[in-house]
Amino acid sequence: MIRNIFLTTLAIVTLIASSSHLQADDLRSSRPNILFAIADDASWKHFGAYGATWIDTPHFDQLAANGLLFTKAYTPNAKCGPSRTALLTGRNSWQLEELANHWVDYPVGKYQTYHETLDKNGYHVGYTGKGWSPGDPGTLPNGKKRALLAKTYNQAKLNPPAEYISNIDYTENFRNFLADRQAGQPFCFWYGSNEPHRAYEYGAGIKYGNKQLSDIPKVPEFWPDTEEVRTDMLDYAYEIEWFDKHLGNMIEILRETGELDNTLIIVTSDNGMPFPRVKGQEYEYSNHMPFAIMWPKGITRPGRIIDDYVSFIDVAPTILELAQVDGEAEGMAPITGKSLTSLLYSDRSGRIDPARNYALIGKERHDIGRPNDTGYPIRGIFKDDFLLLQNFKTERWPAGHPQTGYMNIDKSPTKTAVLEARYQPDQRLYWQWNVGKRPELEFYDVANDEACIHNLANSPVYQERIKEMHALMLAELEKQNDPRLAGKGDSFDQYEFGRDGMINFFNKLMNGTQEDMGWYNPADVQPEED
């Protein structure tokens with residue numbers, strides 16, 4: 001399906017530079033520009049190059065057709081803060097102390113980002129929109145805020161087309177960024193769209209995007225198929241299209257300025273859509289990310305589809321290698337990821353590197369709302385279209401405590417629908433799939449159960465595969481000094497939140513002393529027991 005649609009797109013789109021590639025030796029003597037574009041909370045399935053028909057992403061699709069489309073790219077941790085830290089450092093979240101958690105203080109003097117590194121090595125570096133967030137980046141010895149992504153370009157504003165869409169003019173800020181650089185200076189720019197992060201203007205997709213409920217071919221199996229849920233999905237689609245529009249504008253600016261040929265453009269998202277059982281969880285919909293790379297002068301045989309497993313921790317070493325910078329020598333912590341350049345320079349499609357046959361994932365504490373500020377620790381591994389998960393604290397509620405409204409799920413019409421299903425016997429499964437407690441082991445045949453709702457952990461058919469995947473996961477985590485495997489996993493729950501008022505939220509809410517943080521929705525509160 002993906003290949004048929006992709007090849008059709010490829011035939012329609014004019015290739016940008018198929019005859020102007022540099023030879024490999026020339027490439028290694030030339031430092032490319034970098035444009036990294038990241039949507040906030042968008043799932044891989046919802047871009048046209050992957051077969052989506054109800055979301056229009058022509059610029060992502062064209063970029064993929066003129067570059068490389070990755071079918072198995074994963075974030076190690078499906079939440080904004082820890083996912084972005086993995087991108088910026090090349091390390092998995094369990095290797096980053098408090099940065100494994102969501103909404104923290106960035107550790108002072110630690111975990112230098114590739115943006116900080118390139119800024120020290122001749123690159124013009126900056127960003128627009130959302131960078132590393134949420135959290136406090138910390139303060140330098142000189143009293144200034146640490147700039148994890150270097151200079152901010154958010155001054156240019158616009159009138160957004162719908163309520164809650166950001167008023168930041170990403171396009172104009174990119175233009176201003178380019179105007180600030182010295183002649184001939186390579187640049188590294190992070191386009192961090194705030195979309196499709198919540199909140200949404202309800203009905204915006206229908207009202208402004210000319211969409212219809214019938215445009216959606218199928219609602220995911222773990223949500224009720226209602227008008228409200230479909231409307232919510234269309235509003236999400238409308239915001240992805242806003243991200244794609246600005247991506248297209250930036251590509252056009254690069255073309256106009258003659259910079260496109262030697263600019264490496266990477267496009268992805270930080271985690272899956274901000275809906276129940278997706279964002280903040282560790283399933284196929286949660287961690288599988290859109291991922292495409294275009295570099296007209298650098299990629300061998302553009303138009304390829306790559307099926308190797310790749311991880312967000314592979315981004316930093318790729319960029320550093322192409323920039324000819326030794327990250328560790330320049331102050332970065334040892335990088336776990338593996339550069340993607342061998343895939344860029346290959347002329348093959350499909351599975352290329354036999355060693356890229358799995359991806360590790362996991363999480364610790366995300367949002368507030370459990371007793372004693374605890375998280376929901378998970379480790380997992382995707383391999384050969386299967387997913388194995390180990391849940392370490394099965395007595396806890398995976399999406400947050402019912403009495404605080406399951407606060408690891410953004411409030412939305414879809415969340416309301418799945419919570420109401422708890423009290424409807426014929427629909428209770430929706431509640432269980434989205435917020436109910438889980439067993440220690442989960443195992444899914446992702447190729448045939450993309451929704452990950454049929455747990456095969458006890459099936460005799462898969463016991464050997466489960467044993468093999470579990471052993472591989474534990475061996476790799478041990479190599480990476482995961483505290484969870486060394487019996488020190490509770491340390492992740494001891495790190496404080498990076499915002500006053502979040503500490504001890506559950507107990508303060510129960511005794512009536514908690515301030516309004518803006519996320520707590522009394523309408524989502526449910527009793528712990530039926």
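Small disclaimer: the values here were computed from a predicted structure and weren't measured.
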A.B. asks: Where do Pro290 and Ser43 come nearest, in terms of heavy atoms and distance?
C.D. replies: CD-C, 3.8 Å
A.B. asks: Kindly check if the number of other-residue, nucleotide or ligand heavy atoms within 6.0 Å of NZ (Lys488) is above 12?
C.D. replies: no
A.B. asks: Is the number of heavy atoms from other residues, nucleotides or ligands within 6.0 Å of NZ (Lys207) greater than 12?
C.D. replies: no
A.B. asks: Out of Lys279, Arg365, Lys363, which one pairs with Lys79 under the side-chain contact (heavy atoms from CB on, under 4.5 Å) rule?
C.D. replies: Lys279
A.B. asks: Considering all heavy atoms of both residues, which atom of Tyr111 and which atom of Thr89 are nearest to each other, and what is their separation?
C.D. replies: O-CG2, 4.0 Å
A.B. asks: Work out which heavy atom in Asn77 is nearest to a heavy atom in Ala100; give both atom names and the distance.
C.D. replies: ND2-O, 3.4 Å
A.B. asks: Side chain of Asp353, backbone of Ala355: donor and acceptor closer than 3.5 Å?
C.D. replies: yes
A.B. asks: Aromatic contact between Tyr462 and Phe443, with the criterion being ring centroids under 6.0 Å apart: yes or no?
C.D. replies: yes
A.B. asks: Which distance, rounded to the nearest 0.5 Å, do you find between the CD of Gln390 and the CD1 of Ile378?
C.D. replies: 10.5 Å
A.B. asks: Against Arg230, only a single residue in Asp215, Asp235, Asp225 fulfils salt bridge (Lys or Arg N to Asp or Glu O under 4.0 Å); can you say which?
C.D. replies: Asp225
A.B. asks: Judged by atom type as modelled, is there a donor-acceptor pair below 3.5 Å linking the side chain of Asn154 to the main-chain atoms of Thr128?
C.D. replies: no
A.B. asks: Let me confirm one number: the CZ-CG distance from Arg146 to Asp136, rounded to the nearest 0.5 Å.
C.D. replies: 11.0 Å
A.B. asks: So, are Asp385 and Lys72 salt-bridged, with charged N and O less than 4.0 Å apart?
C.D. replies: yes
A.B. asks: Please determine which of Asp40, Asp232, Asp41 meets the salt bridge (Lys or Arg N to Asp or Glu O under 4.0 Å) test together with Arg198.
C.D. replies: Asp232
A.B. asks: Trp132 and ring-ring contact (aromatic ring centres under 6.0 Å, His included): which partner among Trp103, Tyr106, Tyr127?
C.D. replies: Tyr106
A.B. asks: For Gln432 and Lys437, indicate whether the former's side chain and the latter's backbone hold a donor-acceptor pair under 3.5 Å.
C.D. replies: yes
A.B. asks: A cation-pi test, strictly: NZ or CZ of Arg277 under 6.0 Å from the centre of the six-membered ring of Tyr285 and no more than 45 degrees from its axis. Yes or no?
C.D. replies: no
A.B. asks: Using only atom types and a distance under 3.5 Å, with no angle test, would you say the side chain of Gln463 pairs donor to acceptor with the backbone of Ala457?
C.D. replies: yes
A.B. asks: Can you say whether the rings of Phe291 and Phe312 are parallel (under 30°), tilted (30 to 60°) or perpendicular (over 60°)?
C.D. replies: tilted
A.B. asks: Taking Ala451's backbone N and O only, do any of them form a donor-acceptor pair with Glu284's side chain (distance below 3.5 Å, no angle check)?
C.D. replies: no
A.B. asks: Once you measure the plane-to-plane angle for Phe275 and Tyr200, does it fall in the parallel (<30°), tilted (30-60°) or perpendicular (>60°) bin?
C.D. replies: tilted
A.B. asks: Is Arg370 reaching over with its side chain to a backbone N or O of Pro398, donor-acceptor style, under 3.5 angstrom?
C.D. replies: yes
A.B. asks: Is the backbone of Ala86 close enough, under 3.5 Å, to the side chain of Arg91 for a donor and an acceptor to pair up by distance?
C.D. replies: no
A.B. asks: Would you find a donor on one side and an acceptor on the other, under 3.5 Å apart, between the side chain of Thr57 and the backbone of Gly48?
C.D. replies: yes
A.B. asks: Just checking, any donor-acceptor pair under 3.5 angstrom between side chains of Thr513 and Asn511?
C.D. replies: yes
A.B. asks: Centroid-to-centroid, Trp54 to His46, below 6.0 Å?
C.D. replies: yes
A.B. asks: What is the minimum heavy-atom distance between Ile240 and Pro196, and which atoms define it?
C.D. replies: CG1-CG, 3.7 Å
A.B. asks: Tell me yes or no: between the side chains of Gln424 and Tyr430, is some donor less than 3.5 Å from an acceptor?
C.D. replies: no
A.B. asks: Assess Arg484 against Phe392: is NZ or CZ under 6.0 Å from the centre of the six-membered ring, and within 45 degrees of the ring's axis?
C.D. replies: yes
A.B. asks: Between Phe243 and Tyr170, is the ring centre distance below 6.0 Å?
C.D. replies: no
A.B. asks: Quickly, which of Tyr208, Tyr164, Tyr238 forms a side chain to side chain donor-acceptor pair (under 3.5 Å) with Glu201? Name it, please.
C.D. replies: Tyr208
A.B. asks: When rounded to the nearest 0.5 angstrom, what is the spacing between CZ in Phe497 and CD in Glu98?
C.D. replies: 13.0 Å
A.B. asks: Do Glu450 and Tyr283 meet the criterion of a side-chain donor-acceptor pair at a distance under 3.5 Å?
C.D. replies: no
A.B. asks: Between Lys211 and Asp56, is a salt bridge (charged side-chain N to carboxylate O under 4.0 Å, His left out) present by the stated rule, with each step listed?
C.D. replies: CA-CA 11 Å; Lys211 298 182 181 298; Asp56 191 19; over 6 Å; no
A.B. asks: Check this for me: does any side-chain nitrogen of one of Glu476 and Lys479 sit under 4.0 Å from a carboxylate oxygen of the other?
C.D. replies: yes
A.B. asks: Does Asp490 come within less than 4.0 Å of Lys393, counting only side-chain N to carboxylate O?
C.D. replies: yes
A.B. asks: Side chains of Thr268 and Phe70: does their closest heavy-atom pair fall under 4.5 Å?
C.D. replies: no
A.B. asks: Would you find a donor on one side and an acceptor on the other, under 3.5 Å apart, between the side chain of Thr113 and the backbone of Leu148?
C.D. replies: yes
A.B. asks: Hey, are Asp530 and Arg428 close enough for a salt bridge, meaning a charged N less than 4.0 Å from a carboxylate O?
C.D. replies: yes
A.B. asks: Please name the residue in the list Val418, Leu429, Val278 that meets the side-chain contact (heavy atoms from CB on, under 4.5 Å) test with Phe222.
C.D. replies: Val278
A.B. asks: Output, in order, the C-alpha distance, side-chain angles, deciding distance and verdict of salt bridge (charged side-chain N to carboxylate O under 4.0 Å, His left out) for Glu364 and Arg379.
C.D. replies: CA-CA 9 Å; Glu364 287 294 337; Arg379 296 294 184 269; 2.8 Å; yes
A.B. asks: Within the side chain of His288, is there an N or O that forms a donor-acceptor pair under 3.5 Å with the backbone of Thr71?
C.D. replies: yes
A.B. asks: Please report the closest heavy-atom contact between Phe47 and Asp61, naming both atoms and the distance.
C.D. replies: C-OD1, 4.2 Å
A.B. asks: For a quick check under 3.5 Å, do Thr336 and Gln95 share a side-chain donor-acceptor pair by atom type?
C.D. replies: yes
A.B. asks: Please report the closest heavy-atom contact between Ile168 and Ser166, naming both atoms and the distance.
C.D. replies: N-OG, 3.0 Å
